[in-house]
Protein chains: 2
Amino acid sequence: MTEPAARRTRMPGEARRRRLLEEAIRLFGKRGFEGTSLEAVATSAGVRKQTLLYYFPTKDALLEACVQETSRRVAETLTAALEEETSSSHKAEAVIHTLFRVAEEWPDFPQFIREASRLGPEVIERFAGVLEPLRRRALLFLQQGMSEGAIRSQDPALLLFTLYTAVVGSITEAGVLRAVVGEDQSRTALHRREQELLRFVRNALAPGEGGTAGTGASTGA
Amino acid sequence: MTEPAARRTRMPGEARRRRLLEEAIRLFGKRGFEGTSLEAVATSAGVRKQTLLYYFPTKDALLEACVQETSRRVAETLTAALEEETSSSHKAEAVIHTLFRVAEEWPDFPQFIREASRLGPEVIERFAGVLEPLRRRALLFLQQGMSEGAIRSQDPALLLFTLYTAVVGSITEAGVLRAVVGEDQSRTALHRREQELLRFVRNALAPGEGGTAGTGASTGA
DNA sequence: CCCATAATCTGCCGCATGGTAGAGAGCATC
DNA sequence: GATGCTCTCTACCATGCGGCAGATTATGGG
């Protein structure tokens with residue numbers, strides 16, 4: 001065994017690098033960072049471990065590059081989507097829709113973000129750094145919507161956080177979904193989740209009649 | 001170094017076992033399954049690795065036990081909470097409140113559930129098995145609420161899933177929250193998240209637009 | 001054609017980890 | 001006080017992993 005490994009076809013560095021990143025993101029997301037060996041990433045990309053280490057000198061460097069790549073990509077995609085959608089009132093939905101579309105085209109990628117954000121604050125901060133402009137835009141958008149009365153008044157940052165968890169959760173917890181619903185894990189299912197989440201969010205944002213945020217002290221009662 | 005390890009105080013098996021489980025759940029949740037060594041679990045519980053392997057013959061067995069313990073505990077807690085809350089209209093909120101209270105008392109535990117549900121379908125199915133009765137109850141409750149008009153009509157299973165992701169996300173994505181909000185990660189923050197999520201969910205559940213929004217479900221007082 | 005450089009490989013090392021084998025200490029029961 | 005059981009330990013092994021050294025081949029410029 002161990003196939004003499006007939007020297008893989010040579011590739012221009014940049015292409016190889018991208019290929020390795022892609023596999024790394026996929027595997028880190030699927031099996032976790034510690035659960036994925038460099039060997040596994042390398043062979044998945046059709047190359048030997050040393051070739052991987054040629055492009056990324058350490059495993060941490062590889063992770064770092066994955067984080068950079070994913071955050072760059074998501075920022076880019078979202079920005080483009082926001083450019084395109086001019087109607088202010090539909091921007092929130094455009095963001096959600098875009099995220100689901102990305103998840104559909106590249107399912108491993110949300111999983112990776114999830115995993116990465118578990119690996120300590122530094123990693124999250126890298127994400128946050130790249131996405132900062134988008135975050136500011138989102139906050140402004142929410143605040144504006146609130147003062148115009150289009151969105152129920154509340155803490156915009158916490159709202160943004162809740163939205164984030166709902167979206168990422170809906171996308172990444174597919175395993176749980178199957179257990180809860182018994183549903184098959186197909187494109188259709190993803191679309192249905194998107195529709196469901198959209199309605200859910202729309203209702204949650206709608207300015208309730210008496211519901212001006214207030215103190216919300218009405219909890220446990 | 002290596003402290004002659006002056007033979008730890010003997011413990012009645014059951015107590016030692018529980019202690020080990022507690023540490024395992026904590027560390028698996030914090031650093032991930034593959035990211036946590038048996039040695040780490042053992043020394044955290046003040047004992048040598050071999051003692052750990054005496055109680056749990058393999059790492060997988062340990063994981064299995066952790067899953068069983070957590071699911072048993074969450075089922076127990078939720079069931080108790082539901083017994084206590086008689087008002088049907090407040091049951092949903094009681095569940096959310098209980099989950100947050102558990103997360104407050106035992107912060108490592110939601111993290112563990114998250115991690116565990118990443119480790120493959122078998123694990124999730126174990127959870128699902130134990131929580132099955134609660135799931136059925138929840139579905140019935142939601143359906144009933146819908147037919148009574150107290151809850152907006154929709155697919156109950158998908159709704160339950162969305163609720164699950166929102167709750168678990170709000171609890172576990174603390175790191176992200178800090179990055180998004182800049183908030184400190186204290187008790188207070190957890191409470192605020194609970195309040196926020198409660199209002200969010202209440203609004204999302206409220207039946208159709210057109211002003212009927214605030215009926216039973218909105219401000220519970 | 002030759003040489004520099006880029007890209008990929010083989011071979012290996014040190015270390016941590018999951019797991020085995022088995023000894024020994026506390027404690028009860030006869 | 002011998003026997004047996006429960007609990008904890010020391011010592012060790014095999015494997016897998018991250019990473020180093022360096023050989024080897026393709027490729028493009030003089």
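To find a chain, count down the sequence lines: A is the first, B the second, and so on, and within it residues start at 1.
- OP1 and OP2 of C:dA7 both lie 4.0 Å or more from every side-chain N or O belonging to A:R16.
- Protein atom NZ of B:K59 is 19 Å distant from nucleotide atom P of D:dT15, rounded to whole Å.
- As rounded to whole Å, 12 Å separates atom P of C:dT8 from atom CZ of A:F56.
- Of the residues in residues 23-43 of chain A, A:T36, A:S37, A:L38 come within less than 4.0 Å of DNA chain D through at least one heavy atom, sorted by number.
- In this structure, the CG atom of A:L53 is 8 Å from the P atom of D:dC20, given to the nearest Å.
- In this structure, A:Q50 places its CD atom 9 Å from P of D:dC20, rounding to the nearest Å.
- When each of D:dT8, C:dG19, C:dC9 is scored by its nearest atom to the side-chain atoms of A:R48, the top-ranked nucleotide is C:dC9.
- A donor-acceptor distance shorter than 3.5 angstrom exists from the side chain of A:S44 to the backbone of A:A40, with no hydrogens or angles considered.
- Rounded to a whole Å, the OH atom of A:Y54 is 9 Å from the C1' atom of C:dT8.
- In this structure, B:R26 is not positioned above the aromatic face of B:W106 in the sense of NZ or CZ being under 6.0 Å from the six-membered ring centre and within 45° of the axis.
- Checking the phosphate oxygens (OP1, OP2) of C:dC9, a side-chain nitrogen or oxygen of A:T51 falls inside 4.0 Å.
- In this structure a side-chain-to-backbone donor-acceptor pair under 3.5 Å is present from B:R193 to B:S170.
- Ring to ring, A:F33 and A:F112 are not that close: their centroids are 6.0 angstrom or more apart.
- Checked by distance alone, B:K49 brings a side-chain donor or acceptor within 3.5 Å of a matching partner on the base of C:dG18.
- The only option from B:E23, B:R17, B:R16, B:R18 that meets the side-chain contact (heavy atoms from CB on, under 4.5 Å) definition with B:L20 turns out to be B:R16.
- Look at CG on A:L63: it is 12 Å from P on D:dG18, rounded to the nearest Å.
- Of all heavy-atom pairs spanning A:R101 and A:T77, the tightest one is NH2-CG2, 4.2 Å.
- The environment of NZ in B:K30 is sparse: at most 12 heavy-atom neighbours from other residues, nucleotides or ligands sit within 6.0 Å.
- Between A:Y55 and the phosphate of C:dA6, there is no side-chain N or O to OP1/OP2 separation shorter than 4.0 Å.
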